[in-house]
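All heavy atoms count here, side chains included; hydrogens, waters and symmetry mates do not. All ligand and atom numbering here is 1-based and tracks the order in the structure.
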Amino acid sequence: MKEIKVWDLQTRIFHWSLVVFILCTLVTADILRYFGIDLVNKDTWLAFHIGTGVAVGILLVFRILWGMCGPRYSRFSSLRLSLHELIDYFHAVIKNIKTNHTGHNPAASWSALCIIAFGLLAVLSGVVVFGLDEGRGMLRSLYADFHPFSGNMKLLHLGLAYALLGVVIGHVAGVLNETVRHKTGIITAMVTGKKLSDEAEMPFPAGAPLKLVSFTLVLSPLFAVVYFTGSMDTRQPLSLIIPSVYKKECGACHMAFAPNMLPEKSWKMMMADLQDHFGDDATIDDASKLEIEEFLVKNAAEHSLEEASVKFIRSIDPAHPPLRITDIPYWKEKHKLIDESTYRHGTIKSKINCVACHKWSEYGSFEDSDIRIPRE
Ligand code: HEC
Ligand code: HEC
């Protein structure tokens, strides 16, 4: 036996980058939060999860390309996928017999295939979840019509991620078995690229275009992570332009509520009777009234993609919408844990002073990361 080159540089970069990025996506999924560990705010975490998820996706696309036109041992055609061989391999493992495979052994062949398949499906389902749940990303247009399916899609995404994790754990167990019991040196081989073998070394004279494409693909995930994480960690409040007459007239007695907090019908009913406005007289001149009503109706809840608006609309009876935001079932549900006495705190004063706890509420944005209940 002599030492021959088995794993080319691109395959090794692929392998170890995939290890790092899959670990990152797992850590930044809700796992830590589930155990009550809350290191950074949720949106930053999510941005990093999306960034590393995209990186995993690009790596897997590279691997498919490499499986078709890479060097011998990286090709799909060199994988040992016969069930017979797989059973023989496990027999050998149980009996502690050392086997020698230059490229992927049968178990590693199946792991590679399953990791690519579950990995790609997990990434794709993640993009769908990002669109359905957050109204963001490539598939954000799905949000308006399919948001109710986001729960099911999240479960599917989670299931695929666990399937991937299962295969990875199996693969690591196999590698440890080979390394500890048989000292086959396969971990070192994935670092140096070299393995002891009876087979003859197969040179791989790749042309310049293939080299360029493969290195670009296998290295680009590093930039994808930086780009996606950086461009997403802070969410801009909605670019809502609030007419000054609205702030002046409707922000005199309480905060000027964002129009996407109530449906059109509620605003129309409210504007039709300002004389008896929750017991107060809020009458204004006709020109101002017209301008305000137009602004409220145009930006009402049913015309907004904001998560809160969509959930508000879904929780009310469209024929009889409430006049109060605080009468909307979804609002009540979200604030049921807040004690009445909290609202009476110094700077809050009232539960309709949304802006005391929701930084961007005047613009109709109610992101979790922007919620803070003032203590004073
Ligand atoms: C003269 C003072 C005054 C003015 C001006 C005023 N409001 Fe009000 N508004 C009130 C009072 C009082 C309440 C009831 C507050 C409470 O129950 O805590 C209220 C409640 C509301 C609520 C319900 C809040 C909730 O969810 O409980 C909305 C929505 C609202 N006002 C919108 C408007 C709009 C739109 C305008 C401008 C056309 C406006 N208000 C102008 C006094 C005013
Ligand atoms: C005393 C502070 C406080 C006030 C005042 C308050 N909220 Fe909240 N709100 C919260 C907290 C805390 C949560 C998070 C509840 C949770 O996720 O369990 C929340 C959640 C929400 C959510 C759901 C956000 C999401 O997507 O998860 C919406 C929408 C919302 N509030 C709207 C309003 C509106 C509109 C008003 C004013 C009429 C208001 N809130 C007043 C504290 C407040």
Side-chain angles (χ1 to χ4, degrees), residues 33 42-43 46 133-135 143 147 150 235 238 242-297 299-301 304-316 321-376:
R33 192 173 292 274
K42 197 177 158 195
D43 272 9
L46 182 65
D133 196 43
E134 299 269 327
Y143 186 86
H147 179 70
S150 71
R235 181 123 136 96
L238 299 187
I242 305 169
S244 54
V245 56
Y246 181 65
K247 270 193 190 156
K248 181 167 156 266
E249 299 292 352
C250 302
C253 306
H254 44 64
M255 70 172 276
F257 300 110
N260 66 334
M261 292 293 94
L262 282 175
E264 269 184 29
K265 203 166 169 184
S266 306
W267 290 127
K268 283 184 180 154
M269 286 192 307
M270 192 179 299
M271 295 307 288
D273 188 10
L274 284 176
Q275 219 164 336
D276 180 13
H277 179 75
F278 303 95
D280 270 26
D281 184 355
T283 347
I284 43 175
D285 66 90
D286 281 351
S288 306
K289 185 171 164 275
L290 220 65
E291 191 181 342
I292 290 173
E293 185 165 340
E294 195 191 299
F295 162 70
L296 290 172
V297 167
N299 298 290
S304 171
L305 280 183
E306 197 58 31
E307 193 176 347
S309 304
V310 175
K311 289 185 171 164
F312 277 179
I313 289 290
R314 223 179 316 123
S315 80
I316 60 174
L323 277 186
R324 284 179 183 274
I325 304 163
T326 50
D327 277 345
I328 298 175
Y330 178 72
W331 190 93
K332 290 187 180 164
E333 172 63 28
K334 277 289 165 179
H335 298 84
K336 67 175 182 217
L337 294 178
I338 299 175
D339 199 80
E340 279 298 323
S341 65
T342 308
Y343 296 124
R344 289 194 292 273
H345 271 302
T347 51
I348 307 177
K349 292 195 178 70
S350 154
K351 67 179 168 193
I352 69 168
N353 194 19
C354 324
V355 73
C357 306
H358 299 279
K359 191 171 165 193
W360 299 111
S361 54
E362 284 166 298
Y363 296 88
S365 168
F366 293 85
E367 286 300 302
D368 285 340
S369 53
D370 298 327
I371 302 178
R372 198 181 66 86
I373 300 181
R375 293 281 156 234
E376 289 305 308

- Query: Which of the atoms of ligand 2 are close to N353, meaning less than 4.0 Å from one of its heavy atoms?
  - Reply: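 Taking each heavy atom of N353 in turn, ligand 2 has 5 (C) under 4.0 Å.
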- For ligand 2, which atoms, with element, lie under 4.0 Å from some heavy atom of K351?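 By the 4.0 Å cutoff, the relevant atoms are 5 (C), 37 (C), 38 (C), 41 (C).
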- Query: Which atoms of ligand 1 are found less than 4.0 Å from any heavy atom of I325?
  - Reply: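 Contacts of ligand 1 toward I325, numbered from 1: 25 (C), 26 (O).
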- Atoms of ligand 1 less than 4.0 Å from A282 heavy atoms?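 Heavy-atom distances to A282 below 4.0 Å select 4 (C), 5 (C), 6 (C).
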- Message: Parallel, tilted or perpendicular, judged at 30° and 60°: which one describes the rings of H254 and H277?
- Response: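 Answer is tilted, since the angle falls between 30° and 60°.
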- Message: Can you count the protein N/O/S atoms lying under 2.8 Å from atom 8 (Fe) of ligand 2, leaving waters out?
- Response: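 Those protein atoms number 2 in total.
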- Message: For L323 and L262: C-alpha separation, side-chain torsions, deciding distance, then whether side-chain contact (heavy atoms from CB on, under 4.5 Å) applies.
- Response: CA-CA 8 Å; L323 277 186; L262 282 175; over 6 Å; no
When you measure from [atom] to every protein heavy atom, which one gives the shortest distance, and what is it?
| atom | value |
| --- | --- |
| atom 15 (C) of ligand 1 | I352 CD1, 3.7 Å |
| atom 21 (C) of ligand 1 | F278 CE1, 3.4 Å |
| atom 28 (C) of ligand 1 | F257 CE1, 3.5 Å |
| atom 38 (C) of ligand 1 | C250 SG, 2.6 Å |
| atom 32 (C) of ligand 1 | M270 SD, 3.4 Å |
| atom 29 (C) of ligand 2 | A308 CB, 3.4 Å |
| atom 25 (C) of ligand 2 | D368 OD1, 3.6 Å |

- Task: Could you please spell out the steps behind the side-chain contact (heavy atoms from CB on, under 4.5 Å) verdict for F278 and M270?
- Result: CA-CA 10 Å; F278 303 95; M270 192 179 299; 4.3 Å; yes
- Item | Test item: side-chain donor near acceptor, D285 and S288, under 3.5 Å |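 Checked: D285/S288 side chains pair up, N/O donor to acceptor below 3.5 Å.
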- Message: For atom 5 (C) of ligand 1, tell me which residue out of M261, E249, K289 has the closest non-hydrogen atom.
- Response: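 It is E249 whose heavy atom sits nearest to atom 5 (C) of ligand 1.
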- side chain to side chain contact (heavy atoms under 4.5 Å, CB included) involving R344 - partner list, sequence neighbours excluded: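 E340, S341.
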Mind checking whether [X] and [Y] have side chains closer than 4.5 Å, heavy atoms only?
| X | Y | result |
| --- | --- | --- |
| K268 | L296 | no |
| W267 | E293 | no |
| R372 | C357 | no |
| P322 | I316 | yes |
| N299 | S304 | no |
| I284 | I292 | yes |
| F257 | M255 | yes |
| N353 | Y343 | no |

- Query: What's the shortest heavy-atom distance between E291 and P243, and which atoms?
  - Reply: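 Of all heavy-atom pairs spanning E291 and P243, the closest is OE2-CB, 3.9 Å.
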- Task: May I ask you to check if any N/O/S atom from C253 comes under 2.8 Å of atom 8 (Fe) of ligand 1?
- Result: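 It does not: C253 brings no N, O or S atom closer than 2.8 Å to atom 8 (Fe) of ligand 1.
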- Message: If I take every N, O or S atom of H277, is at least one of them less than 2.8 Å from atom 8 (Fe) of ligand 1?
- Response: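 H277 does place an N, O or S atom closer than 2.8 Å to atom 8 (Fe) of ligand 1.
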- Message: Are any of the N/O atoms on H254, whether in the backbone or the side chain, positioned under 3.5 angstrom from an N/O atom of ligand 1?
- Response: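 For ligand 1, there is an N or O atom that lies under 3.5 Å from one belonging to H254.
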- Message: Are any of the N/O atoms on R324, whether in the backbone or the side chain, positioned under 3.5 angstrom from an N/O atom of ligand 1?
- Response: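 Between R324 and ligand 1, an N or O pair is found under 3.5 Å apart.
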- Using a 4.0 Å heavy-atom threshold (strictly under), name the region of D280 that reaches ligand 1: side chain, backbone, both or neither.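 Side chain only.
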- Mark the output for D281 as yes if a heavy-atom distance to ligand 1 is under 4.0 Å, and as no if none is.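 The answer is yes: ligand 1 sits under 4.0 Å from a heavy atom of D281.
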- Message: Tell me if the NZ atom of K311 is crowded by more than 12 foreign heavy atoms within 6.0 Å.
- Response: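 Check passes, neighbour count above 12.
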